[in-house]
Protein chains: 2
Amino acid sequence: MSDADDEIMNAVARALRSHGYADLTMQDIADESSKSKSLLHYHHDTKADLLIAFLDDLLTEYEQRLECRADQPPEQRIVDFLARFVFTPEDDEREAFHLALLEMRSQGPFNDRIQAQLERSDRLLRETLAEIIADGIADGTFEPVDPDRTAALLVAALDGARTRQITLGEANELPLDGDNITYTRATVEELLAQIVEPILAEGGTLPDLDTTLAELDRED
Amino acid sequence: MSDADDEIMNAVARALRSHGYADLTMQDIADESSKSKSLLHYHHDTKADLLIAFLDDLLTEYEQRLECRADQPPEQRIVDFLARFVFTPEDDEREAFHLALLEMRSQGPFNDRIQAQLERSDRLLRETLAEIIADGIADGTFEPVDPDRTAALLVAALDGARTRQITLGEANELPLDGDNITYTRATVEELLAQIVEPILAEGGTLPDLDTTLAELDRED
DNA sequence: GGTGGCTGACTGACTAGTCAGTCAAACCGA
DNA sequence: TCGGTTTGACTGACTAGTCAGTCAGCCACC
């Protein structure tokens with residue numbers, strides 16, 4: 001990608017973050033970059049084209065982050081996978097990213113091109129997780145369960161937790177355990193304890209969530 | 001609510017359904033009713049006011065549906081609660097309703113009034129579920145678990161499943177068990193088997209999902 | 001005949017997209 | 001190496017169209 005295109009995509013992200021999808025104008029995007037509105041049309045014929053390109057960008061980057069770490073054992077990979085969904089409200093970047101994505105998702109049913117991108121992303125997410133589970137069953141790490149069903153449940157819970165954390169704003173902390181904890185964090189902890197732990201084969205143990213989170217932090 | 005206001009709300013729902021929140025105009029809404037655009041402004045000063053009123057309407061009705069059935073035993077109430085989230089793509093009405101809600105949700109972070117409504121709804125949802133679980137623990141139906149945490153997990157999974165089913169369109173069936181099954185159905189089945197069943201006290205059994213779905217169908 | 005519900009015609013603000021033209025760097029033949 | 005030419009990135013000014021919101025007035029019913 002060229003420098004200019006890169007700057008445009010960053011500008012879209014910033015504009016989307018401060019205006020939201022519904023109120024987004026080409027001028028808003030231009031204002032977030034050092035370039036003019038005309039340039040946006042120079043590189044992308046229409047506003048719709050620009051937004052599709054942005055979504056494609058977003059999802060491609062997202063997919064690339066999923067691919068690494070395939071060499072780890074299944075129990076580490078699954079904790080990794082879940083841990084990647086945890087974030088705090090302070091992580092503005094992440095929150096803005098997923099809010100933009102959520103807005104585009106809600107436009108899916110009205111726009112075939114958006115929907116196609118979303119389906120590609122959903123399939124990859126579920127298949128990646130199902131593969132980890134299937135690998136774990138094959139090598140005896142996990143008890144035999146239906147990988148597709150378990151993956152679908154985990155992905156739904158992670159998605160829901162993220163959506164709620166994003167849309168419920170500042171006050172989204174759950175007053176659990178006497179302490180405040182984010183929706184994503186609480187959900188991942190519960191999923192590990194209620195879903196993943198019980199399917200571990202006799203004698204197996206799960207990597208610690210905090211340790212994994214710290215490692216992921218160091219990587220990025 | 002007056003007849004006119006009722007007609008306006010229905011028109012908003014229909015317009016939202018065919019145009020989506022981002023492209024919705026006052027004229028679109030007027031076109032879906034037998035009234036004029038001016039009338040919309042006569043009853044609601046601004047477009048924002050109208051949409052807030054619509055959201056309030058939506059959530060109030062939603063909340064009322066939650067309240068009934070408080071006389072049932074906890075294991076029936078929890079299956080009821082989960083079963084209410086199951087729907088098929090054929091159920092256009094439901095799908096449109098939740099799509100509209102999703103679009104408004106994604107606007108929450110840009111609009112305080114929307115966000116306040118969303119928070120009220122989230123709290124009610126989680127508290128209702130937590131209360132069912134707490135009641136069940138108190139009367140020995142369920143093993144002692146943290147009601148708030150379990151409720152948060154269940155609500156997140158239900159929300160995520162619904163969002164995915166809505167946004168992934170026609171091809172949203174999961175090819176599970178060799179047969180196609182909706183995201184919401186698969187998730188509720190898994191939640192019952194993996195989360196609810198395990199916290200049932202010794203000797204307890206859960207009501208059948210299909211039976212409960214049929215009963216809910218008859219009620220509406 | 002007055003009042004509340006309602007309308008059509010209108011307007012000013014705003015928006016996506018266009019277009020003619022600028023400018024600097026790359027290119028190229030002598 | 002120099003002059004001229006082309007090219008691609010980029011811009012400001014413009015246009016046609018759309019939108020929310022206004023307003024004067026209509027009309028059915030009290």
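Note: hydrogens, waters and symmetry copies are ignored here, and every other heavy atom, side chains too, is used. This one's a predicted model, so the numbers in the text were calculated from it and none came from an experiment. All chains are named by letter (A, B, ...) in the order of the sequence lines, taking the proteins before the strands, and each is independently numbered beginning at 1.
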Mind calculating the distance between [atom1] ([X]) and [atom2] ([N]) to the nearest angstrom?
X: B:Glu7; N: C:dG5; atom1: CD; atom2: P; value: 15 Å
X: A:His41; N: C:dG17; atom1: NE2; atom2: C1'; value: 5 Å
X: A:Ile29; N: C:dT15; atom1: CD1; atom2: C1'; value: 12 Å
X: B:Asp28; N: D:dC19; atom1: CG; atom2: C1'; value: 11 Å
X: A:Lys47; N: C:dT15; atom1: NZ; atom2: P; value: 9 Å
X: B:His44; N: D:dT22; atom1: NE2; atom2: P; value: 15 Å
X: A:Asp49; N: C:dG17; atom1: CG; atom2: P; value: 8 Å
X: B:Leu39; N: D:dC27; atom1: CG; atom2: P; value: 17 Å

- Message: Checking A:Leu51 against A:Met104 for the side-chain contact (heavy atoms from CB on, under 4.5 Å) test, could you report, in this order, the C-alpha distance in whole Å, the side-chain angles of both residues, the deciding distance, and whether it holds?
- Response: CA-CA 9 Å; A:Leu51 291 176; A:Met104 302 212 73; 3.9 Å; yes

- Task: Please work out which residues in residues 11-23 of chain A have a non-hydrogen atom less than 4.0 Å from an atom of DNA chain C and list them by number.
- Result: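 Within residues 11-23 of chain A, no residue comes under 4.0 Å of DNA chain C.
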
- Item | Under 3.5 Å donor-acceptor pair, B:Lys37 side-chain atoms to D:dG21 base atoms |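 Result: at least one qualifying N/O pair found.
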
- Message: Less than 4.0 angstrom between a side-chain N/O of A:Tyr42 and OP1 or OP2 of D:dA9, yes or no?
- Response: yes

Need one value for [X]: base, sugar-phosphate or nothing, where a base atom within 4.0 Å counts as base even if backbone is also close, heavy atoms only.
X: A:Leu40; value: nothing
X: B:Thr25; value: sugar-phosphate
X: A:Lys35; value: sugar-phosphate
X: B:Leu24; value: sugar-phosphate
X: A:Ser33; value: nothing

- From CA spacing to verdict: side-chain contact (heavy atoms from CB on, under 4.5 Å), A:Leu125, B:Arg164: CA-CA 12 Å; A:Leu125 212 58; B:Arg164 295 183 98 72; 3.7 Å; yes

Run the salt-bridge test on [X] and [Y] with the 4.0 Å N-O cut-off and return the result as yes or no.
X: A:Arg120; Y: A:Asp56; answer: yes
X: B:Asp122; Y: B:Arg105; answer: no
X: A:Asp135; Y: A:Arg77; answer: yes
X: B:Glu32; Y: B:Arg17; answer: no

- Evaluate side-chain contact (heavy atoms from CB on, under 4.5 Å) for B:Ile195 paired with A:Ile195, printing each intermediate quantity in order. CA-CA 8 Å; B:Ile195 305 287; A:Ile195 305 287; 3.6 Å; yes

If we ignore hydrogens and angles and just use 3.5 Å, is the side chain of [X] paired with the main-chain N or O of [Y] as donor and acceptor?
X: A:Gln115; Y: B:Thr167; result: yes
X: B:His19; Y: B:Asp23; result: no
X: A:Asp31; Y: A:Asp28; result: no

- Item | Degree of bending, the helix from C:dG1-D:dC30 to C:dA30-D:dT1 (end axes from five pairs; round to 10°) | 10°

- Compare the minimum distances between each of C:dG8, C:dC6, D:dC10 and the side chain of B:Ser38, then state the nucleotide with the smallest one.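 In terms of side-chain proximity for B:Ser38, the closest of C:dG8, C:dC6, D:dC10 is C:dG8.
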
